[in-house]
Amino acid sequence: MINMLLAAMLCASAPADTTITLDNVTVTGQRQRDYQMRTSQSGVQVSREYLQQNLAGSLMQTLEGLPGVKAMSIGSGQSKPTIRGLGFNRLAVTEDGVKHEGQQWGDDHGLEIDQFAIDRAEVIKGPAALLYGSDAIGGVLNLFTNHIPTEPFAGSVQLFGRSNNEQLGLSAKVGGRKGNWFYRANATLIDYADYRVPTDSIQYYSYWIRLKDQRLRNTAGCERDGSVMLGYAGYNFHTDLRISEAYSKSGFFANAHGLEVRLSGIDYDHSRRDIDLPYQWVNHLKVLSHTTWRGNDADVELNLAYQNNRREELSEPVSHGYMPTPDGSLERRFDKHTWTALLALRRTMGNHELRSGLSAEYQHNRRGGWGFIIPDFETASTGAYLMDRYTLRPCLIVNAGMRYDLAQTHIHSYHDWFKTPVGADSVFVERSADMHRHFHCFTWSAGINYATGQWALKANVGKSFRVPIPKELGADGINYHIFRYERGNQQLDPEQSYQVDASISWADDAWEVEVDPYLNYFPNYIYLSPTAHYVEGLQLYHYTQAEVLRYGLEAQVRWSFAEDWQAHAQGEYLYARQQSGEKKGYTLPFSTPWSVDFCVKFSPHTSHDTSHTSHLSPLFISLSTHIVGEQNEIVPPEKPTDGYWTLNLAAGKQWHVGNTTLNVALHADNLLDRRYYDHTSYYRLIDVPEPGRNVSMTVGLEF
């Protein structure tokens with residue numbers, strides 16, 4: 001096809017009586033190399049085809065095959081993203097350029113984002129606060145749902161299911177374009193039953209609890225997502241408005257809320273698809289406006305968004321400590337409103353590409369229910385950045401930038417609704433005191449990109465920051481889902497991080513090798529430290545700060561052989577050690593152990609572009625093994641975790657009939673139904689192993 005285009009262009013410019021003979025022309029794709037030269041930070045782009053081939057139960061389970069990216073299991077089919085062992089509020093998730101603002105601190109629910117609405121993704125590994133502000137201290141997951149349709153009408157329908165939790169789902173997407181106007185709409189429905197684990201019983205605080213049919217009682221759930229977009233795409237001007245809503249309801253594993261369920265009157269085994277108490281529901285509404293104007297040497301971008309995240313936890317009313325039996329089942333309610341704005345300018349001046357921006361965010365959160373974990377709060381922040389990308393030569397690019405941020409947090413006072421004996425009196429205990437905190441921070445970053453022949457090298461050094469979140473400042477209550485009592489610290493300072501990040505890669509037609517080492521130093525890392533004290537029958541954890549050193553690397557090798565075959569190996573290692581504080585000499589809680597993946601893939605009639613942006617093959621079959629080392633580096637009362645390995649199979653086929661494409665993908669995870677524990681899973685604390693054998697299938701129709 002490219003040969004024909006070249007011939008047509010040459011013939012069009014030549015005299016009519018001229019004869020032109022073309023030798024064989026080889027065109028090599030450089031999409032991944034171009035991306036590597038665009039940024040000095042370690043990162044990877046993920047195409048829509050990759051998402052289709054690796055579709056799993058959640059977005060993070062789909063992406064966790066990427067080097068350095070993991071899905072932290074939190075039960076009930078939910079998972080949290082982590083990059084190089086950092087997650088929650090140390091990882092920023094953006095959707096179409098706007099930071100997603102849910103209850104990121106929540107340990108028991110995943111991202112409120114429809115993975116079937118995502119067209120592509122980008123993972124930035126390492127501190128990225130220069131462009132993204134607080135929360136990007138560990139990396140960024142950029143999600144994009146704003147692909148512009150090219151046809152008057154097009155769409156797709158996907159049916160999918162999973163065997164382990166009997167999941168059934170349907171997702172449909174339509175879109176079209178007429179002139180400069182376009183629209184898109186998406187809807188997803190998912191229902192799943194209780195999860196199966198390869199064990200007949202678990203141990204919870206020295207109590208043995210039997211599992212019926214190896215199922216985790218009350219881990220069923222459902223998801224309902226929808227979005228609509230309307231936009232205008234001209235030559236120099238683009239604007240779109242997107243409204244999305246994500247709703248999910250899921251049960252908490254019955255025994256995760258304590259031993260009182262042993263005396264409960266609820267028939268948890270009545271049906272595998274029942275959602276009984278305790279359970280939660282989350283609803284996330286997002287209204288997002290994205291506008292860009294492009295000139296000859298300057299671009300202006302404006303993003304405005306409103307988000308409302310509502311979440312409720314409901315459980316059987318049971319008294320704890322001095323709290324009497326409450327009325328009703330509403331234990332906790334959180335209602336969070338977020339307004340964000342970003343104005344960015346990019347200007348080209350000779351070999352300089354200047355980027356600058358202003359950002360602002362305001363949050364308003366109110367609580368409810370008879371249980372308490374965090375108080376009401378408001379937060380406001382604003383920041384400004386300037387960055388220069390200077391091209392010395394096409395193969396040599398340097399960049400540097402700086403940022404300044406201001407933030408303030410107001411935490412409201414909260415008193416128990418019941419009295420507690422204190423000395424000779426009974427009082428309404430104050431769990432949270434009224435507090436105003438102001439924070440500011442200056443950050444910077446500098447990097448270099450260099451490419452020569454088949455080699456590409458880049459390095460980045462910088463300082464990032466993270467403002468303490470209200471939970472870290474004002475928490476005081478039971479977190480059932482992690483089986484502990486948590487207490488905040490109003491004296492916490494902004495977390496700072498210094499990191500050196502590098503990447504060295506080499507590639508030819510058959511081989512691709514990449515090594516990404518990094519060094520990360522925190523003068524004042526914030527984390528929950530276990531104590532020897534117990535409150536209301538659970539171990540007390542309190543927020544503290546410590547000097548922390550982290551370093552590690554990711555490495556991967558790809559080999560294309562025998563034309564239709566590919567072999568892939570990748571591994572990662574992380575070391576973390578506290579250099580000060582009460583846990584000096586220990587690692588950090590839930591530190592990820594080393595892991596190695598091997599994969600062999602048969603994919604006929606495909607190019608040798610082995611990047612994550614390669615096109616979907618008409619056929620692919622792969623067999624892989626995932627090996628994880630034992631984790632003996634722990635923080636008491638954590639327990640060591642044994643190593644394990646799993647065997648996994650994937651296959652897919654694509655058929656074209658006119659303008660219609662049929663895609664079928666099959667995945668079989670943990671083929672041997674091995675019993676193992678993930679060290680980053682909170683359910684490991686109550687002896688719950690990871691899900692057993694899981695076979696999933698997706699059938700998609702594009703038209």
Side-chain angles (χ1 to χ4, degrees), residues 31-32 34-36 38-39 41 43-55 58-60 62-63 66 69 81 83 91-102 110-125 128 131-132 135-136 139-150 154-156 158 171 173-177 182-188 225-233 238-246 284 286-292 294 299 301-305 307 340 342 344 346 355 357 359 611-616 702:
R31 284 170 297 182
Q32 187 66 10
D34 291 342
Y35 174 73
Q36 295 290 353
R38 197 184 79 192
T39 173
Q41 288 188 292
V44 62
Q45 287 184 315
V46 179
S47 68
R48 178 170 168 267
E49 288 78 15
Y50 178 88
L51 295 174
Q52 285 182 337
Q53 285 191 359
N54 296 274
L55 181 67
S58 69
L59 174 62
M60 289 319 305
T62 297
L63 296 175
L66 303 176
V69 180
I83 297 178
L91 173 63
V93 178
T94 73
E95 189 174 15
D96 298 334
V98 172
K99 188 164 67 172
H100 181 75
E101 289 290 351
L111 298 176
E112 304 92 348
I113 295 176
D114 180 8
Q115 67 171 320
F116 294 95
I118 297 171
D119 298 312
R120 60 186 180 91
E122 177 187 39
V123 177
I124 299 175
K125 295 181 281 186
L131 296 179
Y132 298 92
D135 294 0
V140 181
L141 173 59
N142 288 323
L143 306 175
F144 300 94
T145 64
N146 55 0
H147 173 73
I148 301 175
T150 58
S156 64
Q158 287 184 296
S171 183
K173 182 188 302 182
V174 295
R177 177 170 182 169
F182 67 92
Y183 72 93
R184 291 185 56 180
N186 187 85
T188 299
D225 305 320
S227 63
V228 61
M229 174 187 289
L230 178 65
Y232 175 90
H238 170 103
T239 185
D240 60 63
L241 176 67
R242 183 172 185 265
I243 302 175
S244 65
E245 190 163 26
H284 192 91
K286 181 181 296 182
V287 181
L288 189 157
S289 170
H290 174 71
T291 302
T292 58
R294 302 182 185 278
D299 299 343
E301 179 180 356
L302 176 64
N303 290 330
L304 301 172
Q307 301 176 65
T340 58
L342 170 66
R346 183 178 66 87
R355 300 178 65 182
S359 63
S611 71
H612 296 293
T613 61
S614 59
H615 290 290
L616 187 65
E702 299 181 8

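Keep in mind the model is a prediction, meaning the values are calculated, not measured.
For Ser227 and Ser244, the side-chain atoms include no donor-acceptor pair closer than 3.5 Å. Under 3.5 Å, the side chains of His284 and Glu101 contain no donor-acceptor pair of N or O atoms. In the model, Asp240 has no side-chain atom that pairs as donor or acceptor with a side-chain atom of Tyr183 under 3.5 Å. Judged purely by distance below 3.5 Å, without hydrogens or angles, the side chains of Gln115 and Thr62 pair a donor atom with an acceptor atom.
A salt bridge links Glu95 and Arg242; the closest N-O separation between the charged side-chain nitrogens and carboxylate oxygens is under 4.0 Å. A salt bridge links Arg48 with Glu702; the closest basic N to acidic carboxylate O contact falls under 4.0 Å.
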How far apart are the C-alpha atoms of Phe182 and Met229, what are their side-chain angles, what is the distance that settles it, and do they pass the side chain to side chain contact (heavy atoms under 4.5 Å, CB included) test?
-> CA-CA 8 Å; Phe182 67 92; Met229 174 187 289; 3.7 Å; yes
Check the pair Asn303 / His290 against side chain to side chain donor-acceptor pair (under 3.5 Å), numbers first and verdict last.
-> CA-CA 5 Å; Asn303 290 330; His290 174 71; 2.5 Å; yes
List the steps, then state whether side chain to side chain contact (heavy atoms under 4.5 Å, CB included) holds for Val93 with Leu111.
-> CA-CA 9 Å; Val93 178; Leu111 298 176; 4.2 Å; yes
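Shown here are the side-chain contact (heavy atoms from CB on, under 4.5 Å) partners of Leu302, two or more places apart in sequence or in another chain: Leu304, Leu343. Listed by chain and number, the residues in a side-chain hydrogen bond (donor to acceptor under 3.5 Å, both in side chains) with Asp119 are Arg184 (sequence neighbours excluded). A search for side-chain contact (heavy atoms from CB on, under 4.5 Å) contacts involving Ala344 returns Glu301, Tyr385, not counting sequence neighbours.
Here the rule is side-chain contact (heavy atoms from CB on, under 4.5 Å) with Asp114, and of Asp225, Thr145, Leu59 only Asp225 fits it.
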